[in-house]
Amino acid sequence: MKVLPREFYFRGPDEVAAELLGKLLVRIYKGRRLSGFIVETEAYFGPEDPASRAKRGGGLAKVMEGEVGLALVYGVHRKWLLNVVAHEEGGIGAVLIRAIHPFEGVELMKELRKVRKIRELTNGPGKLTEALAVDKKFHRKPLYLPDSDLRIERGSYPGALKVARSHRIGVSEDLPVPYRFYVEGDPYVSKVRPL
DNA sequence: CGCCAGATTGACT
DNA sequence: GTCAATCTGGCGG
């Protein structure tokens with residue numbers, strides 16, 4: 001089986017975030033395969049995490065403490081952000097997918113993004129959802145089914161998979177421990193931020 | 001229904 | 001580097 005099983009997400013969000021690097025995010029769009037290797041992620045926890053949506057309560061918090069392996073899609077600044085629900089038994093958490101390295105369907109992704117520069121295609125959380133035509137309709141949809149239109153497969157990342165970490169990007173208040181993970185040296189990592 | 005903050009992006013100085 | 005567009009989701013009324 002190529003897709004990552006549901007159990008893959010049945011661990012702490014930080015562990016899942018690190019393990020997702022190098023995996024293949026696949027979108028079936030109009031019968032065509034669009035995909036890219038995940039090169040940047042961030043882990044978010046429960047109410048004790050000041051940057052987490054779970055802290056505010058409401059529907060998103062419910063999804064974050066619900067079934068693992070489901071997509072969590074929500075909008076900020078007119079962009080859709082894609083997360084995967086991941087936590088241990090009885091826990092709360094999700095992993096934000098921040099950047100992918102384009103693999104299949106690059107030309108179609110360029111059309112969807114309306115950009116020329118390939119570097120600009122998927123090097124940010126709001127950019128990759130646009131490139132893969134991911135929106136609210138995927139909210140709470142499982143990513144572990146072999147025939148899902150949006151799923152995560154075992155990939156073979158081209159090159160050495162050297163994992164680095166830093167503090168999360170764009171949050172006003174972060175935890176003392178850095179929870180952003182990225183593939184060092186990959187050109188599609190959104191940006192560098194010092195520890 | 002109105003208010004407001006925000007896990008962003010792209011244009012511009 | 002600065003800055004604002006633009007809209008979702010949560011919450012109060």
Side-chain angles (χ1 to χ4, degrees), chain A residues 9 12-21 25 36 38-66 68-87 91-102 109-141 143 150 152 164-183 186-195:
Chain A
Y9 307 99
D14 49 340
E15 190 179 339
V16 174
E19 288 285 322
L20 275 176
L21 295 178
L25 179 63
I38 297 171
V39 293
E40 182 180 348
T41 58
E42 283 177 358
Y44 287 85
F45 301 85
E48 75 281 7
D49 178 355
S52 176
R53 301 317 262 209
K55 188 180 174 61
R56 301 199 213 172
L60 292 176
K62 282 277 176 279
V63 176
M64 284 180 75
E65 64 184 65
V68 301
L70 303 186
L72 188 160
V73 180
Y74 86 101
V76 184
H77 294 273
R78 180 58 193 105
K79 312 286 186 293
W80 294 111
L81 304 199
L82 173 63
N83 300 252
V84 196
V85 179
H87 54 75
I92 305 175
V95 175
L96 170 68
I97 302 187
R98 282 196 56 93
I100 64 174
H101 182 128
M109 285 194 262
K110 278 182 180 171
E111 287 176 32
L112 287 163
R113 278 276 291 142
K114 304 179 197 69
V115 295
R116 298 180 180 182
K117 289 185 245 175
I118 186 150
R119 282 282 304 280
E120 291 295 310
L121 210 50
T122 55
N123 62 333
K127 296 178 184 179
L128 72 90
T129 53
E130 190 177 30
L132 297 180
V134 169
D135 58 25
K136 191 63 186 286
K137 72 171 178 284
F138 288 101
H139 188 49
R140 302 175 63 186
K141 292 287 193 304
L143 298 176
L150 184 65
I152 300 176
R165 63 193 289 172
S166 79
H167 280 289
R168 296 174 294 186
I169 291 178
V171 300
S172 52
E173 195 182 350
D174 203 358
L175 292 163
V177 179
Y179 284 116
R180 169 180 178 245
F181 303 85
Y182 60 96
V183 177
D186 191 281
Y188 294 93
V189 170
S190 66
K191 55 178 154 177
V192 188
R193 182 179 159 169
L195 284 169

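So you know, we letter chains A, B, ... as the sequences are listed, proteins then strands, and number each from 1. These figures come from a predicted structure and were not determined experimentally.
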Exercise. Any chance you could lay out the side chain to side chain contact (heavy atoms under 4.5 Å, CB included) test for Phe181(A) and Val39(A), step after step, and finish with the verdict?
Key: CA-CA 8 Å; Phe181(A) 303 85; Val39(A) 293; over 6 Å; no
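The phosphate of dG10(B) (OP1 or OP2) has no side-chain N or O of Arg78(A) nearer than 4.0 angstrom. Remark: Lys55(A) is not in phosphate contact with dG10(C), judged by side-chain N or O atoms under 4.0 Å from OP1 or OP2.
Rounded to a whole Å, the NZ atom of Lys127(A) is 13 Å from the C1' atom of dA11(B). The distance between atom NZ of Lys62(A) and atom C1' of dG9(C), rounded to the nearest whole Å, is 15 Å. Put simply, CH2 on Trp80(A) is 13 Å from C1' on dT6(C), counting in whole angstrom units. Nucleotide dT8(B) holds its C1' atom 16 Å from the CZ atom of Arg168(A), rounded to whole Å. Note: CD1 (Ile97(A)) to C1' (dT8(B)) measures 17 Å, nearest angstrom. Between Glu40(A) atom CD and dT8(B) atom P there is a gap of 10 Å when expressed in whole angstrom units. In this structure, Asn83(A) places its CG atom 17 Å from P of dT8(C), rounding to the nearest Å. The distance from atom NE2 of His77(A) to atom C1' of dC4(B) is 12 Å, rounded to the nearest whole Å.
Ring centers of Tyr44(A) and Tyr179(A): at least 6.0 Å apart, outside the cut-off.
For Glu120(A), counting side-chain heavy atoms from C-beta on, the closest listed nucleotide (dG10(B), dT8(B), dG9(C)) is dG10(B). The side chain of Leu60(A) lies closest to dG9(C) when the candidates are dT8(B), dG10(B), dG9(C). Among dG9(C), dT6(C), dT9(B), the nucleotide with an atom closest to any side-chain atom of Pro125(A) is dT9(B). Here the side chain of Lys79(A) is nearest to one of dT9(B), dT8(C), dT6(C), namely dT9(B).
Salt bridge status for Arg168(A) with Glu42(A): absent, with no side-chain N to carboxylate O gap under 4.0 Å. The residues Arg180(A) and Asp174(A) are annotated as not salt-bridged, no charged nitrogen and carboxylate oxygen being separated by less than 4.0 angstrom.
Between Arg56(A) and Val115(A), the one whose closest nucleotide on DNA chain B sits nearer the 5' end is Arg56(A).
Partner of Val63(A) under the side chain to side chain contact (heavy atoms under 4.5 Å, CB included) criterion, out of Val85(A), Val73(A), Asn83(A), Ile92(A): Val85(A) alone.
Pairing of dT6(C), defined by two Watson-Crick or G-U wobble distances under 3.5 Å, is not identified with any nucleotide.
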